[in-house]
Amino acid sequence: MKATLPQAPGAIGVFDSGYGGLTILSEIRQLLPQYDYIYLGDNARAPYGPRSFEIVYEFTLQAVNKLFEMGCHLVILACNTASAKALRTIQMNDLPQIDPNRRVLGVIRPTAECIGELTQSRHVGVMATAGTIKSESYPMEIHKLFPDIQVTGQACPMWVSLVENQEFDSDGADFFIRKDIDILMNKDPQIDTIILGCTHYPLLIPKIKKYTPEGVKVIPQGKYIAHSLKDYLHRHPEMDAKCTRQGTCLFFTSEAEEKFSESASIFLDENIKVKSISIELH
Ligand code: DGL
C-alpha cells in the first residue's frame, strides 16, 4: 500500500544528495527564518558527485517531484552536482510540463554572481566534486557575467568522504586537502579567490585555510545562496505570496532515520527529527 506523503503546502523545498545541503539550509534559515522549509536528502543514493549526467538528472527530477507533491512551489537544489547536471534540463524541459508556475533554482549561478566583486587578480579557483568540475558549469556561468575572469577547476574526489566519515579533523584530511590545493595553485598561481563549489566543503574550512597561500580568499557559498533567495523572493512577489511563514522546518531522507539524525548533527547545531521517505516512487 502506498504510504501517504507528508504535506507542507507553501514550504520552500531544499534538496541535496545528502547532508551537505544542510550548510546551505542553515544560512537560508538564518537570513529568512520566517518561511517554512522542507529539507530532503537523498542519502540512500549519495554521493552524486561520481555519477553520470543521466543518473543525477533522473534522481534530482524524482526529488523535485517529491517536493512538489509535498506542497512546495519553490525548490532550491542545494547541491552543486545536481545544479550542474540537472537544473537546466529540469527548468527547460520538465517544469513547463509539470507545472509552469513552480520554480527550481540552483546554487551555481548565485555563487558565480558574487565572484566579480571578490577577485582582484581576475583568477579564480573552483574546488568541487568530479561531476561539477567536469560539467564546466562554473566557468560557463562565471564567463557569462565576467568574461575577463580566468577560472581553474580542481576535482577533490576525497573531500565529501572525509566529511561524511567524520574524518575532517584527521591527518588523512590534511593529506588530501593539501594535495588538491597544491595542484590547483600550481595550475594557476595567480588565483586570489577559491570557490568551495560543494556543499560539504564548509566543514573542511579550517584545514582548507591552513593550506591555502596567504592572501587567497576561500569562499563558502551558503551566504550568497541565502541572499540570492531573499533577492529572488523580493523580485517575484507572486512566488513570495505562495511561500508560507510559520518558521517551521521538516526533514526527510531516503536513508534510515537514525543514520540521518546522527550525521546531521555534524552539519547543524540543533537536534532534528527526520522522516524516512522513498524518493523514487511517486
Ligand atoms: N552535495 C554535493 C555537491 O554539492 C556533494 C555530495 C555528493 O557528491 O553527492 O556537489
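Whatever order the structure lists ligands and atoms in, that order sets their numbers, starting from 1.
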To which protein heavy atom is atom 8 (O) of ligand 1 closest, and what is the distance rounded to 0.1 Å? Gly49 N, 2.8 Å
Looking only at distances, can you tell me whether any N or O atom of Thr132, backbone or side chain, sits closer than 3.5 Å to an N or O atom of ligand 1? no
Do the side chains of Arg88 and Glu141 get close enough for a salt bridge, i.e. N-O under 4.0 angstrom? yes
Below 4.0 angstrom from a heavy atom of His200, which ligand 1 atoms are there? Numbered from 1 as shown, please. 5 (C), 6 (C)
Does the N or O separation between Cys79 and ligand 1 drop below 3.5 Å for any pair? no
One finds that the ligand 1 atoms under 4.0 Å from a non-hydrogen atom of Pro47 are 7 (C), 8 (O), 9 (O)
Structural part of Ser17 in contact with ligand 1, heavy atom criterion under 4.0 angstrom: side chain
Enumerate the atoms of ligand 1 whose separation from the nearest heavy atom of Tyr48 is less than 4.0 angstrom. 7 (C), 8 (O), 9 (O)
Does the side chain of Ile12 reach to within under 4.5 Å of the side chain of Cys72, using non-hydrogen atoms? no
Residue-ligand contact Gly20/ligand 1, heavy atom below 4.0 Å: no
Please confirm whether Lys275 makes a cation-pi placement over Phe252, using NZ or CZ under 6.0 Å from the six-membered ring centre and within 45° of the ring normal. no
Within less than 4.0 angstrom of ligand 1, does Cys198 place any heavy atom? yes
Among side-chain atoms of Thr253 and Ser276, is any donor-acceptor pair under 3.5 angstrom? no
Applying a heavy-atom cut-off of 4.0 Å, say which part of Asp16 lies close to ligand 1: side chain, backbone, both or neither. side chain
Validation row, ring centre His200 to ring centre Phe267 under 6.0 Å: yes
Counting only N and O atoms by type, is there a donor-acceptor contact under 3.5 Å from the side chain of Asn80 to the main-chain atoms of Thr132? no
Relative to ligand 1, is Asn80 under 4.0 angstrom through side chain, backbone, both or neither, heavy atoms considered? both
Does the Lys NZ or Arg CZ of Arg178 fall within the cation-pi geometry relative to Tyr211 - under 6.0 Å from the ring centre and within 45° of the axis? no
Is there a side-chain contact between Arg235 and Asp231 (heavy atoms, below 4.5 Å)? yes
Nearest non-hydrogen protein atom, atom 10 (O) of ligand 1: Thr81 OG1, 2.7 Å
